[in-house]
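None of these values were measured; they are calculated from a predicted model.
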Amino acid sequence: MSEPKAAPANSIQDNDSTKKETSSEERREATSSSSEIDLLSYHEHNAGRLVIDPEEARLEFGDEVAKKLKLTKDGTTVLWPQPADDPEDPQNWSDFRKHVQLVIITLAAIVPDFDSGIGIASIFALANQFNTTTNEINNLTSNWSIFLLGWGGIFAVMLMRRYGRLPVLFWSQVFSLGWLIGCTFAPSLKTFTAMRCLNGFFATCPQVTGLYVVTDLFPFHLQARKLNIWTMGFIISPFLSPFAFGFLVARASWRWAYGIGSIYGAIVLGIIILFGEETMYDRKLENPRPYGSNTGVASRIKTLIGVTGARMAKFRSTWTEVLFACLNIVWRPHLFMILWFEALLFGFSIGINVTNAVFLGTPPPVGYGFSQFAIAGVYGTPIVAVLIGEIVGRYFNDWVMRFCIKRNKGVFEAEFRLWTCYIALPLYIGGLVLIGGALQKHLSIGALIIGWGIAEVATMINTVAVYAYCNDSFPRHQGEISALVNLARTLGGFSVAYFQVPWASKNGGSQLQTFGCEAAIVAGLFLLVVPALQLRGRDLRARFSF
């Protein structure tokens, strides 16, 4: 579906019924500038604006360049990035080989929040084990491990820029597995807290590697669809462990939950070792593989543990560049604005996940007073919701992209991605208000389930749109974009548990006020950010992107 082919002559011939009117002077300018176009890096230097239609490419670049462009099999879409004439370019890999790597990074992206979510299922058991309260368990372990999930991604990206995707992914999962085993056998709350925080810091790597892998493997027009799959992995993961282990902890020790989590981490690590491949391709080098192919057992081992990456580091970004890369882009207005919006939208969603176990288990009038079994069953709600969001987002994002490109004469602009947010916001507001009303008025548990499900569908849809917009606006900084979005959502979410339960418990129960205010904050940010970016985003990209 994404394999390249040379543009056929008839794909760029004039069509009298659709031919765009251009002056001879404009045509000469296009032709004269065509010699200056570097097709291998054009998509990076033209941040947020790509010519997708082959006919428009002929008019913009000139006939000489248009004939060299590689298109999709059906000849209707220009491929960005342009694949190199090298079978080892990941853009030229078979669809099966690409999707194996996508599955691996998605399975790995489940690990960080899956490990973090085990604490939600074990919260009452941990409180009993260490003779403390559920609030202290949340404050010491869940909240700070979530906080460190964000910062770990920043450091992972620095290493990946120099040493490649695979070795950093491998070693991060080795260390995170070790810390999770430490949680399993922790003799005291202090040791348990330290192990959980260290696990969070190291485990987060797959949650920032995915954007790199998707853009390494897939052309522009498929990236949002594949991002949807990877994003689904880490959004659904914090709900899987409370759902699965809630039943377990009701009958067995909480240590079994962490032990099984360690087994899952070991399985993912084994898959990475056996089937993981390096997707980083230095297409700007005259010889992208100066040390030979990665085929063969010895070469695979060297690539996996980082020997090859260490040798390649001298051809890549300097330490100065990687250390300051995130700081260099985070202040850009169009990025900072959308990160601010996503931080609170996703952050309140994290807060719901962390605190709902408390609301469901606390006796009335604050909560429902459910048993451990009932709480675990309710956590099946967001799992189904995220799957629904993946399906809706996959097709809606593609439809928006195709529709807007057609309306814009075959040219894509990054701000097209933001139309998806208009679908997500009403769902999010309705979901949060329904959650608050259900908790405060002690409505049927069905009302809480529906509200939570709607809110998670909205979170899934909106997050994919934000990732795609940021990636399109900064195509040379996928890792930094992924790390900053990851940091924003965790910074927005880790602190929610500190105030949400006390606020909602005030005066015997004010959950509607709590969740209603959170929905209002997100709605206000939407009105401040999204329309402004759609109106002025093109100018901001031209001035501040690079």
Side-chain angles (χ1 to χ4, degrees), residues 1-5 39-44 46-48 50-52 69-109 160 164-166 169 206-234 275-283 288 390-391 393-402 405 412 414 416-417 420 463-479 481-482 485:
M1 188 160 74
S2 61
E3 291 182 11
K5 72 169 191 176
L39 295 179
L40 291 179
S41 61
Y42 169 81
H43 65 290
E44 295 182 345
N46 213 36
L50 292 175
V51 180
I52 303 301
L69 288 174
K70 296 174 182 178
L71 314 178
T72 52
K73 283 184 177 181
D74 59 9
T76 61
T77 304
V78 180
L79 293 174
W80 300 113
Q82 286 282 287
D85 296 322
D86 178 4
E88 292 195 42
D89 182 352
Q91 293 282 334
N92 291 325
W93 290 358
S94 68
D95 285 346
F96 176 78
R97 190 178 176 188
K98 291 180 179 182
H99 284 99
V100 167
Q101 302 309 307
L102 180 61
V103 169
I104 290 173
I105 199 61
T106 302
L107 291 174
M160 281 187 283
R165 325 312 189 202
L166 185 60
L169 177 64
Q207 294 185 338
V208 298
T209 311
L211 186 58
Y212 263 143
V213 171
V214 167
T215 53
D216 287 343
L217 294 174
F218 298 98
F220 158 80
H221 66 286
L222 296 179
Q223 286 174 7
R225 183 184 304 178
K226 307 308 177 183
L227 283 175
N228 218 57
I229 297 171
W230 166 66
T231 305
M232 177 192 67
F234 67 76
F275 305 107
E277 295 190 66
E278 178 58 74
T279 62
M280 188 173 186
Y281 182 77
D282 300 282
R283 60 182 64 251
E390 197 282 332
I391 296 171
R394 174 184 302 190
Y395 294 104
F396 187 74
N397 276 303
D398 280 357
W399 179 83
V400 167
M401 180 185 70
R402 290 193 300 267
I405 289 173
F412 171 82
F416 296 163
R417 301 290 193 191
T420 305
T463 300
V464 173
V466 169
Y467 267 107
Y469 169 74
C470 296
N471 177 52
D472 293 334
S473 298
F474 294 90
R476 285 191 287 170
H477 295 272
Q478 296 97 341
I481 289 299
S482 192
V485 174

| remark: Residue set satisfying salt bridge (Lys or Arg N to Asp or Glu O under 4.0 Å) with Asp86, at least two apart, ordered chain then number -> none
| field | Heavy-atom closest pair, residues Asp74 and Thr77 | value | OD1-N, 4.4 Å
| said: Ignoring hydrogens, what is the shortest heavy-atom contact between Met280 and Glu278? Give both atom names and the distance. | reply: N-OE2, 2.9 Å
| field | Trace of the side-chain contact (heavy atoms from CB on, under 4.5 Å) decision for Arg394 with Ile229 | value | CA-CA 8 Å; Arg394 174 184 302 190; Ile229 297 171; 3.9 Å; yes
| field | Nearest atoms (heavy-atom pairs only) where Pro219 meets Pro81 | value | CA-CD, 4.4 Å
| query | Considering only heavy atoms from C-beta outward, does the side chain of His221 approach that of Leu79 to under 4.5 Å? | reply | yes
| field | Thr72 OG1 to Lys70 NZ distance, which is reported to the nearest 0.5 Å | value | 14.0 Å
| request: For Arg402, enumerate each residue passing the side chain to side chain donor-acceptor pair (under 3.5 Å) test, keeping only those at least two apart in sequence or located in another chain. | output: none
| field | Leu211 side chain near Leu227 side chain, heavy-atom distance below 4.5 Å | value | yes
| Would Thr420 and Val464 satisfy side-chain contact (heavy atoms from CB on, under 4.5 Å), going step by step from the backbone distance to the final call? | CA-CA 9 Å; Thr420 305; Val464 173; over 6 Å; no
| query | Roughly how far apart are Gln478 CD and Tyr212 OH, rounded to 0.5 Å? | reply | 6.5 Å
| note | For Tyr281 and Pro288 the tightest heavy-atom approach is OH-CG, 3.3 Å
| note | Sorted by chain and number, sequence neighbours left out, side chain to side chain donor-acceptor pair (under 3.5 Å) with Gln223 holds for Asn471
| message | Strictly distance-based, threshold 3.5 Å: is any side-chain N or O of Gln101 a donor or acceptor partner for the main-chain N or O of Val214? | response | no
| query | Taking atom CG of Leu217 and atom OG1 of Thr279, what is their separation to the nearest 0.5 Å? | reply | 5.5 Å
| query | Hey, does Ile52 have a side-chain heavy atom less than 4.5 Å from the side chain of Val78? | reply | no
| query | Of the non-hydrogen atoms in Arg417 and Ala224, which two are nearest, and what is the gap between them? | reply | NH1-CB, 3.4 Å
| query | Are side-chain heavy atoms of Gln82 and Trp80 found at a separation under 4.5 Å? | reply | yes
| request: With side-chain contact (heavy atoms from CB on, under 4.5 Å) as the test, would you mind laying out the steps for Arg225 and Phe218 before giving the verdict? | output: CA-CA 10 Å; Arg225 183 184 304 178; Phe218 298 98; over 6 Å; no
| field | Spacing of OG1 belonging to Thr231 relative to NZ belonging to Lys226, to within rounding of 0.5 Å | value | 13.0 Å
| Taking all atoms of both residues into account, what is the closest heavy-atom pair of Asn92 and Ala84, and its distance? | ND2-O, 2.8 Å
| field | Listed partners of Phe412 passing ring pair (Phe, Tyr, Trp, His ring centres under 6.0 Å), at least two apart | value | Phe220, Phe416
| query | What is the distance from atom CD1 of Ile104 to atom NE2 of His99, rounded to the nearest 0.5 Å? | reply | 13.0 Å
| What distance separates Leu166 CG from Ile105 CD1, expressed to the nearest 0.5 Å? | 9.5 Å
| request: With side-chain contact (heavy atoms from CB on, under 4.5 Å) as the test, would you mind laying out the steps for Arg165 and Asp216 before giving the verdict? | output: CA-CA 10 Å; Arg165 325 312 189 202; Asp216 287 343; 2.9 Å; yes
| task | Apply side chain to side chain donor-acceptor pair (under 3.5 Å) to Glu277 and list each qualifying residue two or more places apart in sequence or on a separate chain. | result | Arg97
| task | Could I get the full list of side chain to side chain donor-acceptor pair (under 3.5 Å) partners for Thr463, not counting sequence neighbours? | result | Glu342
| said: According to ring pair (Phe, Tyr, Trp, His ring centres under 6.0 Å), who are the partners of Trp230, at least two apart in sequence or on a separate chain? | reply: Phe234, Tyr467
